[in-house]
Amino acid sequence: MSQDSSRPWIKTTCAYCGVGCGVEAKTNHQGQLEIRGDETHPANYGKLCSKGLALGETVTPTGRLHHPMIEKEMTAWPQALTHVAQQFTKIIREHGPNAIAFYASGQLLTEDYYVANKLMKGFIGSANIDTNSRLCMSSSVSAHKRAFGSDLVPGCYQDIEHAEMIILVGSNLAWCHPVIYQRIKEAKKYKPHLYVVVIDPRSTASCEIANLHLAIRPGADVALFNGLLCELNRRQKLDRHYIEKHTEGFSDTLVSAQQDTPSFDKLAALLSLSQTDLMTFYEHFANTNKVMTFYSQGVNQSCYGTDKVNAIINCHLATGKVGRLGACPFSITGQPNAMGGREVGGLANTLAAHMEFNHQAHHQTLSEYWQTSTLASKPGLKAIDMFDALDRGEIKAIWIMATNPVVSLPNSHKIQQALEKCPFVVVSDCIEDTDTTRTANVLLPAQGWAEKSGTVTNSERRISRQRRLLPTPGEGKPDWWIISQVAKHMGFESAFNYRHEADIFKEYAQLTELNNYGSTARALNLAGLSQLSATEYNLLSPQQWPLMSKQSNIEHHRLFSEGVYFTSSTKAQFIALKYHLPLQQVSSQYPFILNTGRIRDQWHTMTRSGLSPSLSAYQAEPTLYLHPLDAKRQALQQGELVEISSTLGKSLLKVTLSEQLRRGELFAPIHWSNTTSSRGKIGQLISQHVDAISGQPEFKHTAVNIHVYPYQSDALLLTKKTISALESDLTAFPYWVKQTVTNGYLYHIASQLIPAQLQQQLHSFQKVAHHNQLSFNDNQSNFRFANITDKQIDFAYMVSNKLPKDSRSWFRTLLSHPIDSDMSLSLLANLPQGSLAVGELICACKQVGRTQLCHAIRQHDINQLTDLTRVTQAGSGCGSCLPELHNILEQELTLT
Ligand SMILES: Nc1nc2c(c(=O)[nH]1)N[C@H]1C(S)=C(S)[C@@H](COP(=O)(O)OP(=O)(O)OC[C@H]3O[C@@H](n4cnc5c(=O)[nH]c(N)nc54)[C@H](O)[C@@H]3O)O[C@H]1N2
Ligand SMILES: Nc1nc2c(c(=O)[nH]1)N[C@H]1C(S)=C(S)[C@@H](COP(=O)(O)OP(=O)(O)OC[C@H]3O[C@@H](n4cnc5c(=O)[nH]c(N)nc54)[C@H](O)[C@@H]3O)O[C@H]1N2
Ligand code: SF4
Ligand SMILES: [Mo]
């Protein structure tokens, strides 16, 4: 991309994870969006990961929802808004306010969320607004409220540089929060004694920097930390002074932990860890003051997620490792604005601005502030209960905003049916075709990341501006505008009369100040931002809450440094805990445990990251990872198709063998849906078991079975455009996956037809016949074909009874490859030649493949990772592929 110095870089925030990286963006002369890290932003100081770096590739008009639609017919905004408002009003009149629900998302901006919450709780008068944060952070929220009296993360990123021990529990930071992971890696370089522990049943990419990896039995984290508490006591490593002065409930908690913890050898066996490793971990924790513990979905997404978080916090409190430089428990946030959403009250069980239902004064304060007499007086339904009520027909209308529940909620088949049954489903999204938009009666086009303006709050309580970069394609509108317009059409004009997102932010900031002092003070206080003018709001630099005055410099606040908490006694609370087995256990019918999570380059249901060819090149198919010995037991081989089944449903995935898993445990990514694959969606297998306190589903522990899925032929098909007719024809095949590539799409197909029959079918998808074609057919089972228009391939396929493993790595590039001898020879030989021989993509940022890396290692006699990066550029972008580069180098060196 060419640099264009005449246009200014605009500062904004990354669209993806809760690290909340500062981004600078500008359009170049070709209209493309150039992206770089913001060196002044304290979340990333200029660094970005592969997803952040590829943001420019995702701002395409392709696939966008351009117009409001009612029952699949395009309509104008006034009609759409009137229709939604009328339907809601009618349902409320006939069935009461609880017959309506909003299901929102940590990917809305704070301003959007504030208005949605205000409409539902304040004016519709029901608290049936919940969000995908329920699936993500709610166990941490519940645990923080239990221990600290407030939903907040006490530490800040700067603690990383001060910590002497960093523990990652149920967090694959290397892939899910790469910029923080790289920051720890960097800190370790300058401080070699920084001791890193990874606690995860899988050996993940994050283990690259680990001094110790505890491949814990899934679900056993409470037992591990209860054991740690006992060991701290035994070694007299408790901070008695801190416990007495700043906490309550210690004795009961210790007794409970002691009763729950068996002898050391039995504990190690229960956790399925070696006694040496377990003792090493306990010793380090006991002997290190500056300990930071990051935790994420391996902790939260569990039937006992809240207890897991409290088990961790108990150990931090017992040793006074809270609120001190380099010492804190740190819940690392998933979505870009999961924090902001919770601040304004996006969860069904809080009011707004950290005010609570069970607090009469809060209810009164909010009613007066919003000037409403209908403020909800009791909590609404949490996500899973909300969709159950929808299924039972008690909820008659739902408005889904910025989330794709038909893919991401457990038991997704039931979710889809519930939505199909629901009389009135409204979906606001920026993308037209998702599993959820397919169920909508009304579709409302929202602005996307590059068009929106507002604020987000990251993991360390820092509020940053997201700024408008590009004009909106079609008629997309800001979410806050859409919600306010519906509110006005429902008759709530004066409460939703916003001209600009700055008006909303100011109203929200002022709310955080109200009655926020004395013994009932709340942590969330934005007093310093409550008088911002629209211009000041536009220019706002990152601000970390709580803040009594606007911060002109970057500050790094720790909470609880004085040992004062937001509980009624101002003391932190220990929670007495017992370890329980996960609710689902293996049986003869379902002998494996399925763990689910993320891969490096995709974001959730792929509606945005899936638009980027470079992000889609890495791990292009829905995959089931399993241990080679388990594969052997099931007679499964690398690359085969496997049908995986639970009591609720079945999915079809490609097998990858991996020794990084424990025996009997499987891992599948969450990213594929019915829009991108035939049966790659994993949510249909997951049960609705939730944590009883937080309502967060158990996504990491499902009992399943697996069987090989035989097929007769497989194929790769390249087309320049999505052919919707083709996609409906594809349903005939048991397995298909759609992948975005440069200039088009690659379909991976497997079929029960013999190759010759499959070839005929695929050939018929090419609607216009051309003369300039390349066609190879070596016998009755291998077919390769390419159609050339204007010196470029626009349609191609290869069919076989078993395609060579690395075919897709070169075949996927044909739409952007010049017609040359390398290309013809590759097609002829079915082997990549010359410039096409790059191999499976490893580095998404610099587009470097495995073959290139192996070649460079041999040609340049490379034995150091730094040399491999220097020679190939791989790993010099975001660095998230460095663990893989390391493995490839090791493998090549052992071969030579
Ligand atoms: N690339 C990428 N990054 C993302 C996202 C994405 O979609 N893609 N999504 C963002 C969001 S919203 C979120 S919430 C975060 C999630 O970030 P993470 O929580 O780091 O990601 P996951 O892959 O869901 O799960 C983390 C790990 O928990 C482990 N685990 C499973 N069961 C247990 C257990 O019982 N105990 C322990 N200790 N560990 C266990 C899994 O093996 C897995 O490696 O990522 C954010 N970042
Ligand atoms: N099995 C399993 N399931 C899981 C998880 C797991 O680990 N395992 N993790 C869970 C977690 S932690 C999370 S956070 C969820 C995520 O799950 P979802 O929230 O369902 O996933 P996304 O793909 O992020 O969906 C966001 C939707 O909003 C749209 N969108 C993007 N920006 C905007 C906007 O500004 N406005 C509007 N109106 N729409 C927008 C996108 O196009 C997309 O359709 O998945 C959960 N589900
Ligand atoms: S770590 Fe990556 S995905 Fe997360 S905010 Fe930073 S650039 Fe975006
Ligand atoms: Mo999440």
Side-chain angles (χ1 to χ4, degrees), residues 13-23 35 37 41 43-44 47-55 63-65 103-109 112 131-138 173 176-182 296-298 300-301 333-338 383 400-410 412 427-437 444-449 451-452 454 456 458-459 466 476-479 482 594-598 602-611 668-671 673 675 681-686 696-700 702 878 880:
T13 316
C14 177
Y16 299 113
C17 83
V19 176
C21 293
V23 165
I35 298 285
H41 199 291
N44 57 318
K47 302 244 172 11
L48 291 176
C49 78
S50 53
K51 294 186 296 303
L53 285 168
L55 275 165
R64 285 292 296 266
L65 175 61
Y103 185 56
S105 156
Q107 293 168 74
L108 288 171
L109 301 179
D112 304 328
T131 124
N132 61 2
S133 286
R134 184 69 60 197
L135 319 180
C136 183
M137 310 309 298
S138 62
L173 213 62
C176 296
H177 301 95
V179 166
I180 293 300
Y181 173 79
Q182 295 294 337
S296 188
Q297 302 314 337
N300 291 334
Q301 288 173 342
T333 307
Q335 298 175 88
N337 199 33
I400 297 166
M401 310 169 194
T403 175
N404 193 356
V406 176
V407 186
S408 55
L409 276 171
S412 50
V427 179
S428 305
D429 205 297
C430 38
I431 300 295
E432 183 170 11
D433 187 24
T434 75
D435 291 24
T436 302
T437 60
L444 302 174
Q447 286 182 337
W449 167 77
E451 300 124 31
K452 296 189 82 163
V456 290
N458 74 3
S459 264
Q466 194 169 301
K477 295 283 184 194
D479 284 290
I482 304 174
L594 173 70
N595 173 6
T596 60
R598 289 142 176 90
Q602 286 298 349
W603 177 261
H604 297 165
T605 71
M606 295 212 270
T607 63
R608 291 175 301 150
S609 53
L611 300 170
I670 60 174
H671 306 292
S673 63
T675 17
K681 188 154 81 179
I682 209 72
Q684 56 211 21
L685 305 178
I686 314 277
Q696 180 153 356
E698 168 74 273
F699 280 121
K700 305 279 192 249
T702 306
C878 72
S880 348

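Count residues from 1 along the sequence. The figures here come from the full heavy-atom set of this structure, side chains too, leaving out hydrogens, waters and symmetry mates. Quick caveat: nothing in here was measured; it's all calculated off a predicted structure. Counting starts at 1 for both ligands and their atoms, following the listed order.
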Nearest-contact summary for atom 30 (N) of ligand 2 - protein heavy atom, Å = Cys430 SG, 3.6 Å

Does at least one non-hydrogen atom of Asn44 fall below 4.0 angstrom from an atom of ligand 3?
-> no

Using a strict 4.0 Å cut-off to heavy atoms of Pro178, name the atoms of ligand 3 that fall inside it.
-> 1 (S)

Where ligand 2 meets Asn132 - atom numbers and elements under 4.0 angstrom, heavy-atom basis | 19 (O)

Among all protein non-hydrogen atoms, which one is nearest to atom 2 (C) of ligand 2, and what is the separation to 0.1 Å?
-> Phe699 CD2, 3.2 Å

Rounded to the nearest 0.5 angstrom, the OG1-CG distance for Thr403 and Leu135 is 7.0 Å

Given Thr675, Thr607, Leu685, which has its nearest heavy atom closest to atom 43 (C) of ligand 2?
-> Thr607

Numbering as shown, the atoms of ligand 2 that approach Ser428 to under 4.0 Å (heavy-atom distance) = 37 (C), 38 (N), 39 (N)

Sub-4.0 Å atoms of ligand 3 with respect to non-hydrogen atoms of Gly20 | 5 (S)

Near Tyr16 (heavy-atom distance under 4.0 Å), the atoms of ligand 3 are 3 (S)

Less than 4.5 Å apart, any side-chain heavy atom of Asp112 and any of Lys452?
-> yes

Nearest protein heavy atom with distance in Å, relative to atom 8 (N) of ligand 2 | Thr596 OG1, 2.9 Å

Could you list the atoms of ligand 2 found under 4.0 angstrom from a heavy atom of Thr605?
-> 21 (O), 22 (P), 23 (O)

Ligand 3-proximal atoms of Cys14, by part, heavy-atom distance under 4.0 Å = side chain

Nearest protein heavy atom with distance in Å, relative to atom 16 (C) of ligand 2 | His604 ND1, 3.4 Å

Numbered atoms and elements of ligand 2 in range of Ile431, under 4.0 angstrom, heavy atoms = 42 (O)

For atom 10 (C) of ligand 2, what is the nearest protein heavy atom, given as residue, atom name and distance?
-> Gln301 NE2, 3.4 Å

In this structure, OG1 of Thr436 is separated from OH of Tyr103 (nearest 0.5 Å) by 9.0 Å

Is the backbone of Thr333 close enough, under 3.5 Å, to the side chain of Ser459 for a donor and an acceptor to pair up by distance?
-> yes

Protein contact to atom 24 (O) of ligand 2 [nearest heavy atom, distance to 0.1 Å] = Gln107 NE2, 2.7 Å

Do Gln301 and Lys700 get their side chains close enough for a donor-acceptor pair, meaning under 3.5 Å?
-> yes

If we number the atoms of ligand 2 from 1 as shown, the ones under 4.0 Å from a heavy atom of Gln335 are 14 (S)

Would you indicate whether the side-chain heavy atoms of Val456 and Leu109 approach each other to under 4.5 Å?
-> yes

Kindly give the heavy-atom pair with the smallest separation between Lys681 and Ser412, and that separation in Å.
-> CE-OG, 3.5 Å

Give the residue, atom name and distance (to 0.1 Å) of the protein heavy atom nearest atom 4 (Fe) of ligand 3.
-> Cys17 SG, 2.3 Å

Should the heavy atoms of other residues, nucleotides or ligands under 6.0 Å from NZ of Lys51 be counted, would the total exceed 12?
-> yes

Can you check whether Ser609's main-chain N or O pairs, donor with acceptor, with His604's side chain at less than 3.5 Å?
-> no

Protein contact of atom 35 (O) of ligand 2 - nearest heavy atom, named by residue and atom, plus distance = Lys452 NZ, 3.0 Å

Thr434 and Thr605, any side-chain heavy atoms less than 4.5 Å apart | no

For ligand 2, which atoms, with element, lie under 4.0 Å from some heavy atom of Trp603?
-> 24 (O)

the protein heavy atom lying closest to atom 2 (Fe) of ligand 3 turns out to be Cys49 SG, 2.3 Å

4.5 Å side-chain heavy-atom contact, Cys878 and Lys47 | no

Which residue and heavy atom of the protein sit nearest atom 44 (O) of ligand 2, plus the separation | Asp429 OD2, 2.6 Å

Rounded to the nearest 0.5 angstrom, the OH-CD distance for Tyr16 and Gln602 is 8.5 Å

Closest to atom 34 (C) of ligand 2 (heavy atoms only, candidates Leu409, Leu594, Asp479, Thr131) is Asp479

Below 4.5 Å, heavy atoms only, C-beta onward: do Leu55 and Cys14 meet side chain to side chain?
-> yes

Return the option from Arg598, Glu432, Gln297, Met137 holding the heavy atom at the smallest distance from atom 13 (C) of ligand 2.
-> Arg598

Looking only at non-hydrogen atoms, which of Pro405, Ala402, Ala446, Cys176 approaches atom 27 (C) of ligand 2 most closely?
-> Ala402

For ligand 3, which atoms have a heavy atom of Val179 less than 4.0 angstrom away?
-> 1 (S), 6 (Fe)

Does Cys21 bring an N, O or S atom to within less than 2.8 Å of atom 6 (Fe) of ligand 3?
-> yes

Are any of the side-chain heavy atoms of Leu108 and Met401 separated by less than 4.5 Å?
-> yes

Test item: Gln107 and Asn132 side chains (from C-beta on) under 4.5 Å apart, heavy atoms = yes

Among Gly597, Ser408, Cys136, Ala15, which one has a heavy atom closest to atom 15 (C) of ligand 2?
-> Ser408

Give the atoms of ligand 2, by number and element, whose distance to some non-hydrogen atom of Lys700 is under 4.0 Å.
-> 7 (O)

Nearest 0.5 Å, what's the CD1-CG distance between Ile682 and Asn595?
-> 10.5 Å

Less than 4.5 Å apart, any side-chain heavy atom of Arg598 and any of His671?
-> yes

